[in-house]
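Single-structure report; data block below.
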Amino acid sequence: MEHSYHGDTIGTMSVGARGVFNAAYEPLLFEVDTIPFPAAGREQETLDRFEAVSRDRRAAALIVEPLVLGAGGMLMYPASVLTELKRIAEASGTLLIADEVMTGWGRTGTMFACEQASISPDILCTSKGLTGGIIPLAATLATDAIFQAHYSEDRKKTFFHSSSYTANPIACAAALANVEIWRDEPVAERIAALSAMQAAGLRRFRDNPYFADSRATGTIAALDLRQLCRTRWRGADPRPFGRQAG
Ligand SMILES: *Cc1c(COP(=O)(O)O)cnc(C)c1O
């Protein structure tokens, strides 16, 4: 999806937005199809494009950051779009990969963002919040069908490409502690309290001409800083000539 970020390996850079951060690797990146970001009022364009790509090109998979594109500028889209993307994916046999590295563990208001769209992705990536964000650990979840398709007793079929610290015991202990917090502590109430506080904070910017597009999903609140022309300072009309994620 346009503006997406999925990481810094060759594969993840290939499926993420191209730009200054990965320009040096451009010759090595795989070609992928991109669907537009479902901006407000233009959601149907995204769905139509995905429908066309999955029908004509037999796409292997669609990878998306569900509900919120983090590095792309905290861009938000409604859960209904995600529900529709999953419906189209299912109809065409395209796998849906939910990159919940940033959105997982309560950030969007639910444990995983996909819950709000009432969908189960075929593959779900979780990391950052898995340990409460304090130590690196990632997990890739897959449906039973995908797991079984890769499972083999044949050593030649082993996934040999892991890394030295895979399943690092200290990281796993931190993740287990985080899971206990989710199980035993009033996490939902804390998320609700944070969301309410942030919503109140955001309201204060609503009529401020220096900020635009204040928005929130769960505990993620964002607004864009308007860059105003110099002429603004001499009393002319404010004419924003660029936007940056705030
Ligand atoms: C941070 C981030 C990643 C990268 O995760 P790494 O574990 O650093 O590879 C991938 N996807 C999203 C959505 C992220 O926010």
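Position 1 is the first residue of the sequence, and the numbers go up from there. When a ligand or atom number is given, it counts from 1 through the structure's own listing order. Being a predicted model, the structure only gives us computed values, none of them experimental.
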>> Does either side chain, that of Thr103 or that of Glu65, offer a donor lying less than 3.5 Å from an acceptor on the other one?
In response: no
So which protein heavy atom does [atom] come closest to, and at what separation?
| atom | answer |
| --- | --- |
| atom 5 (O) of ligand 1 | Val101 CG1, 3.8 Å |
| atom 7 (O) of ligand 1 | Ser127 OG, 4.0 Å |
| atom 9 (O) of ligand 1 | Gly7 CA, 4.6 Å |

>> Less than 4.0 angstrom from a charged side-chain N to a carboxylate O is my criterion; do Arg107 and Glu100 meet it?
In response: no
> Charged N to carboxylate O under 4.0 angstrom, Asp122 versus Lys86?
Replying inline: yes
> Are Tyr77 and Leu69 close enough, and set up right, to give a side-chain contact (heavy atoms from CB on, under 4.5 Å), and what steps lead you there?
Replying inline: CA-CA 9 Å; Tyr77 63 92; Leu69 276 63; 3.6 Å; yes
> Does the protein place any heavy atom closer than 4.0 Å to atom 11 (N) of ligand 1?
Replying inline: yes
>> Under 4.0 Å and counting heavy atoms only, is there anything from the protein next to atom 15 (O) of ligand 1?
In response: yes
For [X], take its heavy atoms, then give the atoms of ligand 1 lying under 4.0 Å from any of them.
| X | value |
| --- | --- |
| Glu65 | 13 (C) |
| Asp99 | 10 (C), 11 (N), 12 (C), 13 (C) |
| His6 | 10 (C), 11 (N) |

> What residue among Glu43, Glu84, Glu2 forms side chain to side chain contact (heavy atoms under 4.5 Å, CB included) with Pro38?
Replying inline: Glu43
> Is ligand 1 less than 4.0 angstrom away from at least one heavy atom of Lys128?
Replying inline: yes
> Would Arg87 and Leu82 satisfy side-chain contact (heavy atoms from CB on, under 4.5 Å), going step by step from the backbone distance to the final call?
Replying inline: CA-CA 9 Å; Arg87 185 190 60 74; Leu82 193 55; over 6 Å; no
>> Does Arg42, at its CZ atom, have more than 12 non-hydrogen atoms belonging to other residues, nucleotides or ligands within less than 6.0 Å?
In response: no
